Amino acid sequence: MARLEVNFLLGGPQGSGVETSMSVLTRALARVGYGVYANREYYSNITGRHSYINIRVSAVKLPEANTYPVDLIASMDAESIFTHIDDVRERGYIFYDKSILSKRLIDIPSMEDYTKTRLATTLQEYGLPSYSTSIQQLIEYLEEKRSITPIEVNFAEVLRRILDKYKVNPRLLSRYVSGIIVSSLALFIGLDEKFLEYSYSVQFKDRIELVEQNMEVYRIIKEQLGKYSNILELEKLRLKYEEYLVVSGNDIVALGKITGGLRYQSYYPITPAADESFTIERYELAGTGEQVIGPTIVVQTEDEIAAITSAIGAALAGARSATATSGPGFDLMVEGLSWAGMNEVPVVITYYQRGGPSTGQPTRGSQSDLFNALFAAHGEFARIVISSSDHLEAFYDAVEALNLAEKYQVPVIHLLDKFLANAIRTIPLPDLEKIKIERGVIS
């Protein structure tokens with residue numbers, strides 16, 4: 001029976017292609033016309049620690065958040081199954097690599113001790129041997145007690161066939177594991193392979209060989225798991241929109257700033273704010289049609305102090321300017337913010353809140369910095385603080401922040417958070433007829 005909505009979770013080590021999987025799947029699903037909301041959770045390291053994606057797909061609406069429990073967990077490693085044993089619904093599905101069945105909780109080096117202790121206690125409550133519980137024992141328990149359907153595939157066999165056919169560098173084979181996950185989920189949902197191929201062609205632009213190799217992964221998975229086709233089939237579309245944007249929060253704020261006439265953006269790399277500036281960098285010249293309004297300059301400075309002061313300098317020279325940061329970076333900008341307040345400088349600070357206090361948790365979300373935005377700095381001066389609740393509102397607010405800064409000649413702080421920054425979702429196209437550029441009195 002077709003479903004109105006499907007939720008699934010993809011888990012694996014940081015750096016293993018989890019984020020690529022999210023990009024490929026959300027783009028393919030949005031291409032069909034489904035509403036998609038995908039959020040990424042990760043640790044502050046380059047490779048190794050647990051990372052996961054929660055994707056919600058709807059045939060009837062544009063989702064605004066993730067929900068639990070999920071219908072399916074797709075795991076690249078044993079840690080993902082242990083970590084999310086309570087996140088899959090009864091009569092749901094767990095997809096995994098055959099090679100991890102013998103892995104025990106105690107064998108996972110990347111998992112923090114307190115997480116292992118918590119999970120060991122849970123496993124003991126299930127009647128399983130806590131730390132020495134293997135994935136096979138856990139799968140058997142879930143199959144019996146929760147009617148979970150295990151879906152097993154031999155990752156090594158799939159990778160061997162890719163190696164034999166395309167003679168790829170054996171050291172690069174792990175890159176195709178994400179393709180196994182993407183292909184399997186596409187099969188389970190009943191996604192037409194032409195949409196998957198389209199998404200790969202965008203993801204690997206000008207690298208036709210990677211598109212072909214990943215589509216071969218799909219064909220192998222279809223051959224091996226054909227009996228699971230359409231187990232999570234979605235109903236036919238009921239959505240009314242004809243065109244969508246598929247964007248992260250960082251992306252949509254960047255597009256809002258460009259639409260609002262931004263001409264100078266400074267930043268020092270910090271999670272989760274930096275991606276906004278990377279998006280702006282991709283659009284060197286702003287304009288509509290053949291009319292080019294002018295360049296948007298993006299400068300990576302040596303620190304956050306230089307970021308705010310250079311943005312102040314650009315604003316004083318007459319350019320619409322902004323900087324983007326998170327809590328620790330904002331703290332370093334406070335003296336510059338005070339100077340901007342004293343001298344009535346129209347500069348925008350886009351402030352992505354994350355877990356604190358101090359440097360806190362760079363990859364975890366928070367909404368606890370309102371007072372910092374309202375009262376940070378020396379003495380009192382006029383400032384405007386605005387906050388956004390979702391992606392589309394963030395677009396309009398990014399434009400409004402630039403307008404308010406110039407109209408009232410004050411610093412404007414645009415508050416967002418990590419959740420919005422890293423979530424990718426489908427949204428209707430913003431109504432550009434609503435956009436007005438207001439610069440105030442210019443003499």
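Sequential numbering from 1 along the given sequence is applied to the chain's residues. Nothing here was measured: the structure is a model prediction, and the numbers come from that model.
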Judged by modelled atom types alone, do [X] and [Y] share a side-chain donor-acceptor pair under 3.5 Å?
| X | Y | answer |
| --- | --- | --- |
| Asn54 | Tyr68 | yes |
| Gln300 | Tyr267 | yes |
| Asn214 | Arg175 | no |
| Asn39 | Glu41 | yes |
| Asp417 | Gln367 | yes |
| Arg354 | Gln361 | no |

Can a cation-pi geometry be assigned to Arg425 and Tyr37, taking NZ or CZ under 6.0 Å from the six-membered ring centre and within 45° of the ring axis?
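No, Arg425 and Tyr37 do not form such a contact.
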Cationic tip of Arg364 above Tyr43 ring, under 6.0 Å, 45° of axis:
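Output yes; distance and angle both within limits.
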Could you point out which residue of Ile81, Asn7, Ile73 forms a side-chain contact (heavy atoms from CB on, under 4.5 Å) with Val88?
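By the side-chain contact (heavy atoms from CB on, under 4.5 Å) criterion, Val88 pairs with just one of Ile81, Asn7, Ile73: Ile73.
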All ring pair (Phe, Tyr, Trp, His ring centres under 6.0 Å) counterparts of His50, not counting sequence neighbours:
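Testing His50 for ring pair (Phe, Tyr, Trp, His ring centres under 6.0 Å), a comparison that skips the adjacent residues, returns Tyr52, His84.
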I'd like to check Gln136 versus Ile139 (side-chain heavy atoms, cut-off strictly below 4.5 Å). Are they in contact?
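Of all side-chain heavy-atom pairs linking Ile139 with Gln136, none is under 4.5 Å.
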Quick check: does any side chain N or O of Ser199 sit under 3.5 Å from a backbone N or O of Val24, one acting as donor and the other as acceptor?
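Side chain of Ser199 to backbone of Val24, a donor-acceptor pair under 3.5 Å: yes, one is there.
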In a table with atom names and distances, give each donor-acceptor pair under 3.5 Å that connects a side chain of residues 269-276 to protein atoms at least two apart or in another chain.
residue	atom	partner	partner atom	Å
Glu276	OE1	Tyr352	OH	2.6
Glu276	OE2	Lys257	NZ	2.6
Glu276	OE2	Gln265	NE2	2.8

For the pair Tyr268 and Glu302, evaluate side-chain hydrogen bond (donor to acceptor under 3.5 Å, both in side chains) and give the outcome as yes or no after the intermediate values.
CA-CA 7 Å; Tyr268 180 75; Glu302 62 270 29; over 6 Å; no
Determine all donor-acceptor pairs shorter than 3.5 Å in which one atom belongs to a side chain in residues 8-20; sequence neighbours excluded.
residue	atom	partner	partner atom	Å
Gln14	OE1	Ser51	OG	3.3
Ser16	OG	Pro13	O	2.5

Which pairs count as side chain to side chain donor-acceptor pair (under 3.5 Å) when at least one residue sits in residues 55-64, sequence neighbours excluded?
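Residue pairs with at least one partner in residues 55-64: Glu5-Arg56.
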Provide the full list of side chain to side chain donor-acceptor pair (under 3.5 Å) pairs with a residue in residues 92-110, sequence neighbours left out, each pair given once.
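Qualifying pairs: Glu79-Ser110, Tyr96-Glu152, Asp97-Ser99, Arg104-Asp107.
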Would you tabulate the side-chain donor-acceptor contacts of residues 122-129 under 3.5 Å, counting partners in other chains and residues two or more places apart, or write 'none'?
residue	atom	partner	partner atom	Å
Thr122	OG1	Arg118	O	3.2
Tyr126	OH	Asp86	OD1	2.5
Tyr126	OH	Arg146	NH2	2.7

